[in-house]
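Read through the structure below, which is laid out as structure tokens, and then see the notes.
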Amino acid sequence: MIEVLNITEKNPLEHIGMVAGICWNSPVDNPEKNRKRAVSCINSGHGRVMEYAGAELVISGYSARCIRELYTHIIGTTRLQESTRYVNMEDFKYYVPATVESEKQKATYKECMSSIAESYSSLIESGVSKEDAANLLPLGMDTKIVLKINLRALIHFMEMRLCTRAYKEIRALSAELKKVLSEYSEEWKFIADNYFLPKCEAAGFCIEEKCCGRKPKKSDIVIISKEEYEALKSGK
Ligand SMILES: Cc1cc2nc3c(=O)[nH]c(=O)nc-3n(C[C@H](O)[C@H](O)[C@H](O)COP(=O)(O)OP(=O)(O)OC[C@H]3O[C@@H](n4cnc5c(N)ncnc54)[C@H](O)[C@@H]3O)c2cc1C
């Protein structure tokens, strides 16, 4: 589950356009003009202005392994995570991938998780501290984080993690993040629709070695001018 903390501004584009306008000595009291200026900056790849806007989110119900992947995105993010030193994790929940589907597979998976939970509880009962018993806990265990991320980092995160090459759990997290932000305000919806895209959609081609085929590979693309294209089309 992802909650957008209400401290997150509803009008990130107005904010971006305002700071950009200040730098150009333009009037910044018109929200519509600010929004237009923001979109122009983003489309022109003027990345720094995007760092003025961002979101604060509570992300829960995803595995520690998935969150570890999120943590590889080190630029433009600040995070705090549920403590395994102070929180009792006896009743931890965990991720079950869809490929663990037969009754036998599900039973094996569940048995292992239950065994970890039992060992954890028994160590705590025998006097081992939570922070030490926590070393038993699995990567598949659900965790909770508070993530602060600026818009520049968010767009990059979506490009990487909505890609079909990303692992399915973090892809699900990215898709949920896109959904909750697009429901947060009109401006976030515009951003989500236009900029929260896998990198192939953003670039128009794929740079992954193992391409899923959604877009052509970069090596299979030839860039020609509009004039050349028109000439080819008309057979001249
Ligand atoms: C399909 C997939 C598989 C992956 N597999 C693995 C794996 O097996 N093991 C693993 O450890 N990780 C793996 N990763 C994570 C990946 O290697 C990156 O760590 C992750 O994408 C975050 O890094 P980033 O550069 O994209 O983003 P960020 O760290 O958020 O950086 C954003 C941008 O800032 C710039 N930047 C970042 N750091 C610097 C710097 N130090 N100096 C200058 N500029 C910088 C770059 O332009 C970068 O694109 C995988 C990612 C994907 C999508």
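Being a predicted model, the structure only gives us computed values, none of them experimental.
Relative to the ring axis of Tyr184, Lys10 places its NZ or CZ within 45° and under 6.0 Å from the centre. A cation-pi arrangement is absent between Arg152 and Phe157, since the terminal nitrogen or guanidinium carbon is not both under 6.0 Å from the aromatic centre and inside a 45° cone about the axis.
Side chain to side chain, Tyr195 and Glu159 fail the donor-acceptor criterion of an N or O pair below 3.5 Å. A donor-acceptor contact under 3.5 angstrom links the side chains of Ser225 and Glu228, judged on distance only. Between Ser121 and Glu90, the side chains place a donor N or O and an acceptor N or O closer than 3.5 Å (distance only, hydrogens not considered). Side chains of Ser63 and Glu169: a donor on one and an acceptor on the other come within 3.5 Å.
Glu32 and Arg35 are joined by a salt bridge, as a carboxylate oxygen and a charged side-chain nitrogen come within less than 4.0 angstrom of each other. Classification of Arg165 and Glu209 as a salt-bridged pair fails, no side-chain N sitting under 4.0 Å from a carboxylate O. By the 4.0 Å N-to-carboxylate-O rule, Arg48 lies close enough to Glu51 to be salt-bridged with it. A salt bridge links Glu208 to Lys199: one of the charged nitrogens lies within less than 4.0 Å of a carboxylate oxygen. Here Lys179 pairs with Glu183 in a salt bridge; the nearest charged N to carboxylate O distance falls below 4.0 Å. Ion pair Glu101/Lys106 not flagged as a salt bridge, since none of the NZ, NE, NH1 or NH2 atoms sits closer than 4.0 Å to an Asp/Glu carboxylate oxygen.
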(message) Could you go through Phe190 and Val39, starting from their C-alpha distance and side-chain angles, then the distance that decides it, and tell me whether this counts as side-chain contact (heavy atoms from CB on, under 4.5 Å)?
(response) CA-CA 10 Å; Phe190 177 88; Val39 170; 3.6 Å; yes
